[in-house]
Trainee: 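Here it is, the structure, as structure tokens.
Every heavy atom of this structure was used, including side-chain atoms; hydrogens, water molecules and symmetry mates were not.
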Amino acid sequence: MGGTPTDLKLIDERGLRIDGRRPDEMRPLRIEAGVLKRADGSAYVEWGQNKVMAAVYGPRECHPRHLQNPERALVQCNYNMASFSVEDRKRPGPDRRSHEISKIISEALTHVVFTEYFPRTSIDVYIEVLQANAGTRCAGLTAASVALADAGVPMKDLVAACAAGKVADTVVLDLGKEEDNSGQADIPLGYVPRTGEIVLLQMDGDLSPEEFDKGVRMAIDACRKVSEIQRDALKRRYSASSADVDAAQAVPEMPKEGP
Amino acid sequence: MGGTPTDLKLIDERGLRIDGRRPDEMRPLRIEAGVLKRADGSAYVEWGQNKVMAAVYGPRECHPRHLQNPERALVQCNYNMASFSVEDRKRPGPDRRSHEISKIISEALTHVVFTEYFPRTSIDVYIEVLQANAGTRCAGLTAASVALADAGVPMKDLVAACAAGKVADTVVLDLGKEEDNSGQADIPLGYVPRTGEIVLLQMDGDLSPEEFDKGVRMAIDACRKVSEIQRDALKRRYSASSADVDAAQAVPEMPKEGP
Amino acid sequence: MGGTPTDLKLIDERGLRIDGRRPDEMRPLRIEAGVLKRADGSAYVEWGQNKVMAAVYGPRECHPRHLQNPERALVQCNYNMASFSVEDRKRPGPDRRSHEISKIISEALTHVVFTEYFPRTSIDVYIEVLQANAGTRCAGLTAASVALADAGVPMKDLVAACAAGKVADTVVLDLGKEEDNSGQADIPLGYVPRTGEIVLLQMDGDLSPEEFDKGVRMAIDACRKVSEIQRDALKRRYSASSADVDAAQAVPEMPKEGP
Amino acid sequence: MGKDVVADLKRDYISKLLAKGARADGRRFDEMRPLKIETGFVRSAEGSARVELGNTQVVVGVKLVTGEPFPDTPNSGVLTTNAELIPMASDSFEGGPPDQESIEVARVIDRGIREGHAVDMSKLVIEPGKEVWIMFVDVHVLDYDGNLFDAANIGANAALKTCIVPAKRAGKGEDYQLPVQHQPISITAVKIDDKILIDPTHDEERVAEARLTVATLETGNLCAMQKGLNGAFKLDEVFKVVELSRKIGSEVRSRF
Amino acid sequence: MGKDVVADLKRDYISKLLAKGARADGRRFDEMRPLKIETGFVRSAEGSARVELGNTQVVVGVKLVTGEPFPDTPNSGVLTTNAELIPMASDSFEGGPPDQESIEVARVIDRGIREGHAVDMSKLVIEPGKEVWIMFVDVHVLDYDGNLFDAANIGANAALKTCIVPAKRAGKGEDYQLPVQHQPISITAVKIDDKILIDPTHDEERVAEARLTVATLETGNLCAMQKGLNGAFKLDEVFKVVELSRKIGSEVRSRF
Amino acid sequence: MGKDVVADLKRDYISKLLAKGARADGRRFDEMRPLKIETGFVRSAEGSARVELGNTQVVVGVKLVTGEPFPDTPNSGVLTTNAELIPMASDSFEGGPPDQESIEVARVIDRGIREGHAVDMSKLVIEPGKEVWIMFVDVHVLDYDGNLFDAANIGANAALKTCIVPAKRAGKGEDYQLPVQHQPISITAVKIDDKILIDPTHDEERVAEARLTVATLETGNLCAMQKGLNGAFKLDEVFKVVELSRKIGSEVRSRF
């Protein structure tokens, strides 16, 4: 956690947070599936002030060859932040943080994909953060799951993700940027609703076991809601596709910025 | 264009340029073919204050293999400036400018080489700028054509290159360094005299359509002269070779600096 | 040589050096063989204030393949200094100095290994300098030889290494850090005692032919002593192994720091 | 090899259509694809635009940070243009450091902005010779169906037009609108079977012999040009592309 | 392919043992391997430790140099953690720039130290906003038999505890002990066949489905956590690992 | 594999000649190839030389820029030597960042200049501890037929000798001649079939067992040395190379 001292009152006298949310309230989440033409599958996520695009290519031939697994597909995620996605311009190209996030998202997705159906192939997942405002790894994992489904990759279930955390000694859901900068703990979590499995889990800050217990359960509840929104996006995608004669024209457009 | 404000009078009252040239006058150009022993073909060009060496290896096996074209040879040019070729020392190794120049010279040369005669191979062209004074891409392309011929690579014709530009509101040929720094436009052009084709063309600055028309025609006329000098160099190379019993000793020496 | 001017009296009135050694006296040298479990062979060297670990993997498949020699094994050494091995933190990763040392140590070891027994393979030697105090290339080469023997790689002989040099106009053996910083010459030398061959030799500074003659002979005498200590380490390693029923538990421990 | 067969089939298909004066998507030879421009798409950028040119989609973000001017231009801000042809956008793009293709795109976009004097760089000086605004124009390609040059050029122009200099954040006075003075619009044509087509799709680019990009200004003057691919143009073809670029560029400029 | 066969055989062997409640080296499921800590191993470092955790061996060195603070934390020193998984340590490590695996190790170690406030970073300020101590924690892996996370975390804690700030050398007054205030100890568990094993060996890691590292403080609170590998944990398994980490972490901490 | 056959044939040919006391190009064992030195070849450099040693051709350029001294040598300019073994010069050179071979060449050239005190570095100080001249010696190999070490060393000596410190351009007073005080000339020998050959060609280098480069000064003293290749020297062979290097180095030095 940034842990930067701050004058911000992160929880007000009514128990509301700096952006008016209740402790267990998620930021608004919108998902659109199938927004790109070139990729085999894609999804666009707006989650609070985060804007994240995910695309999937594959299963396809795995390069370099020595990475091929003769028994399974390799799920390779590449998480990248656009240089203009943050206030202080980020140097283009991967840094250590993005390497770590790519790794844990790859692992989380691998768990749900039926990789044994596609030996020797690679399923490549690209996550591009266009605008960042805390919580991009959860937004990215959430978008990537939908993009995989949009690409027709068979999965046990969609992975849904959401973070819980602690601000002003209160366990809260889905930290925003100010809360992330000045908060006390963050717990990003990826979840498989159908099986109740946790496939991504990190934590940093300072939490008692009780607070951790509360936060994890709060994040899991949120993941169930995220999962609903994921399913809605896919339903809209498929109904749009089947409603049109020419499916190619039926791809939903990327939602426009609100006023 | 540099467009740097300057006190220099780029065109004087007699209509002459800062180095005494007429608007449509090229800097002195000397070309020697076959100046290197190890390369399959080579050429050295002194063009005004530019000194450029070109060498050709191939057709030879193409590495890395995945770049091989089963139907054609790949013409791969590498343009490089020596660190000491400019007043402010250049960091060794390729920069973005040299990557771009390598690409457009590769494309220009590919057009004239009978690449279909050598499937799966690579024809590697190396251009080293030893002393730079504006116009090195044209000098490099001109040298590379001669080096290809010296290597015996079959071509439709030699590519000749020369730039036109604008200084002090006048369309002029073959900008020198001060003109490049303070001028108004530059149009490097690569030309195939036999077919009248333009294989390299760039422009930057500010030109009316009429000025552009005039500049391009001026550059094309100059390319015809460059082509003559290229042919002379090759003739000297071959006559020198055949005059001697031991051809290996007949390679013309690199010309020495004038006083 | 550093050649930094200094107030240090590098040789005192009794003819002794800054750390009390005689001119032809080596710093204390301790070698332990077989100190790592994962590597095929290993050795740890404490030489004065130097602490160097060497490990050997192979003969094993050679990557990348185009480096394979169809008639011989490739001996590839990688010399690396830990970032904390010197007073001013070193940036992690190889620099030009370590590339050069890796090359000359690879060449020195190649001479003694029966590379023809293992065509197409690679024998990989890793040298890690954990604490540096002048003389790490000799310590590294000395350790690497023992690690090769510990790995069971057949060799004509062990290479032993030691440097001579000149400080305060005196030819001395095995320069320490202050002597290296302020001395007049350094001659690192790698030697094959059985054949009397010199396999590593460098020199820098200023030496008359007579001083060079004296220094080289002094270094060769020291290499013979180093060779004895190398053999002792291997003997202890093997006797330890055979004394125990379970050889795997018999690997000598890394020696502890003295008080 | 499979790819090549497909390429050959596409080439034949495109050629046959062209012989009849038609393109695969029904456009005229001198017609651009539908163009959508959405500015202000990225709030973390000082200026931004999302552009769809047919199925090609790019996001351009402009960031401004303070820094030192180049020694030879003490009275000028600094422009840096970068293009990320990320593998999300096409299976023909690879990850890793910029390759020749993305470098060429970035340099051609940069040349248009710079040589067309899109921004009055003298108004980006904080203290002459000491501190100026460094303007980063970053092109992010999301979906690639040909003609990156124009999509990115239009995106850059749109992003610059809406860009705010974040002086307050940097403690340099009040924020102000980036001093944009020109719209250097580039139009790209390719040559296939001696025909000149404007705004090529990816399929058209793959079978094209030569490419020419021309950036023009409000005055009708030219400010940047780049020929690409292994083929050649005749002089009259160059002039034809120049004229088309002036005409269509002017139509695009009217969108700003 | 040979490797895979070996892996399959090892997997079977480990599974059969686990079904009987046993591990290959005779340990209980919740038992760490023998731990040796030797501090002051590297004299050129300001603080250092060599740690053996079973057959895993790491050297951690801490260097302190003066430099600028980050703009947003003017009253804090800077922590930089790096892990070198050098090919000396295992034939599964490759040379070259850090890969995802070594980056993950470094970042998890860093997270423990940073979030556990191991060092009072406010005491590493020389001049606020201008000059602070940059603390480099470098993890060098010499011999790899699994569970780098904990070996490196313990090594980092030990190296920091003995670290001296070299103020005199830098002309910044007298040397002083690095202000260490907490020991955030991480404990790592893996899941194999629905069993939770503490401190996995390399063989156990290779067949493990999922990994969870939990760093705890003297207070029993958690300060960092990282789940890894392609498998998953149920919620009760997570809580079980958290409890084990608190208990065993407290035992390890008593060694300091 | 074709290459190896050629190499074997060349080896046999060279060996047979050597047995008769002859070399392929008719030279004596202790004879250098014809040496041509042309100084002032590159006007953009402060000092430059083009050197032909037989068919080996290098250009050396020296650039001087102002910068900070190293903290431990506040009263000394800085020397940086770089060698570019560009693929133009030989099909055995690859592009990309410097490999071990070009690094070794650069470091051996650097060692000769530095340890031989070719330049009085104390005269390259502008303000002690603050600003000094950084001297870049860049070796560009154009044509490679063996013995880069000596061709580049001779080129560096020649380029330095004619080098002008561009003080005026940097606003540091009047230009002046680089204060060259010594010519540390290196001579390289190889060992083939127990014979010592001076100034090896590329073919000789390919079959050589061992290589020894020795740089000497006017005094006859040694200032730098480098043994290379996989073979070995006996002590008397080392002494023989040292003596040859002193003698031939003195002849080369007379050319300056």
Trainee: Using a strict 4.0 Å threshold on nitrogen-to-oxygen distance, state whether E/E104 and A/R96 make a salt bridge.
Mentor: no
Trainee: Please state whether the side chain, the backbone, both or neither of A/D213 comes within less than 4.5 Å of a heavy atom of chain E.
Mentor: both
Trainee: Testing the basics here: between E/A232 and A/H111, what is the closest heavy-atom pair and its distance to 0.1 Å?
Mentor: CB-NE2, 3.5 Å
Trainee: Measuring from atom CD of A/E100 to atom CZ of E/R111, what distance do you get when rounded to the nearest 0.5 angstrom?
Mentor: 4.0 Å
Trainee: Rounded to the nearest 0.5 Å, what separates atom CZ in A/R72 from atom CG in E/N230?
Mentor: 9.0 Å
Trainee: So for atom CD, which belongs to E/Q181, do other residues, nucleotides or ligands contribute more than 12 heavy atoms lying within a distance under 6.0 Å?
Mentor: yes
Trainee: Where the side chain of A/K103 meets the backbone of E/E101, is there a donor-acceptor pair that is under 3.5 Å apart?
Mentor: no
Trainee: Which atoms of E/D110 are under 4.5 Å from chain A, going by heavy atoms: the side chain, the backbone, both sets, or neither?
Mentor: neither
Trainee: Testing the basics here: between A/E107 and E/G228, what is the closest heavy-atom pair and its distance to 0.1 Å?
Mentor: OE1-CA, 3.5 Å
Trainee: Can you say whether A/I220 sits under 4.5 Å from chain E via the side chain, the backbone, both, or neither, judging by heavy atoms?
Mentor: side chain
Trainee: If you tally heavy-atom pairs under 4.5 Å against chain E, which of A/E210, A/Q202, A/E197 wins?
Mentor: A/Q202
Trainee: Rounded to the nearest 0.5 Å, what separation is found between the CG atom of E/L217 and the CG atom of A/L207?
Mentor: 10.5 Å
Trainee: If you count every heavy atom of other residues, nucleotides or ligands that lies below 6.0 Å from E/K123 atom NZ, does the total exceed 12?
Mentor: no
Trainee: Given a strict heavy-atom distance threshold of 4.5 Å, which part of A/V216 is in contact with chain E: side chain, backbone, both, or neither?
Mentor: side chain
Trainee: Got a second to check how far E/K234's NZ is from A/T195's OG1, nearest 0.5 Å?
Mentor: 6.0 Å
Trainee: Using the side-chain contact (heavy atoms from CB on, under 4.5 Å) rule, take E/F233 and A/L201 through it: C-alpha gap first, then chi angles, then the decisive distance, then the call.
Mentor: CA-CA 9 Å; E/F233 286 101; A/L201 179 60; over 6 Å; no
Trainee: Report yes if the side chains of E/Q226 and A/I104 come closer than 4.5 Å at any heavy-atom pair, otherwise no.
Mentor: yes
Trainee: Report which part of A/R217 has an atom under 4.5 Å of a heavy atom belonging to chain E: side chain, backbone, both, or neither.
Mentor: side chain
Trainee: Could you go step by step and tell me if E/R107 and A/R97 meet the side-chain contact (heavy atoms from CB on, under 4.5 Å) rule?
Mentor: CA-CA 8 Å; E/R107 285 182 61 84; A/R97 175 179 170 277; 3.7 Å; yes
Trainee: Side chain, backbone, both or neither: which part of E/V238 has a heavy atom under 4.5 Å from chain A?
Mentor: side chain
Trainee: So which part of A/L200 gets closer than 4.5 Å to some heavy atom of chain E, the side chain, the backbone, both or neither?
Mentor: backbone
Trainee: Please check if atom CD in E/E218 has more than 12 non-hydrogen atoms from other residues, nucleotides or ligands closer than 6.0 Å.
Mentor: yes
Trainee: For the CG atom of E/N221 and the CD atom of A/E211, what is their distance to the nearest 0.5 Å?
Mentor: 6.5 Å
Trainee: Answer yes or no: is there a donor N or O on one side and an acceptor on the other, between the side chain of E/E115 and the main chain of A/G205, under 3.5 Å?
Mentor: yes
Trainee: Using 0.5 Å steps for rounding, measure from the CG atom of A/D206 to the OG1 atom of E/T219.
Mentor: 6.0 Å
Trainee: Does E/K16 NZ have over 12 foreign heavy atoms under 6.0 Å away?
Mentor: no
Trainee: Does a sphere of radius 6.0 Å around OH in E/Y13 hold more than 12 heavy atoms from other residues, nucleotides or ligands, not counting ones at 6.0 Å or beyond?
Mentor: no
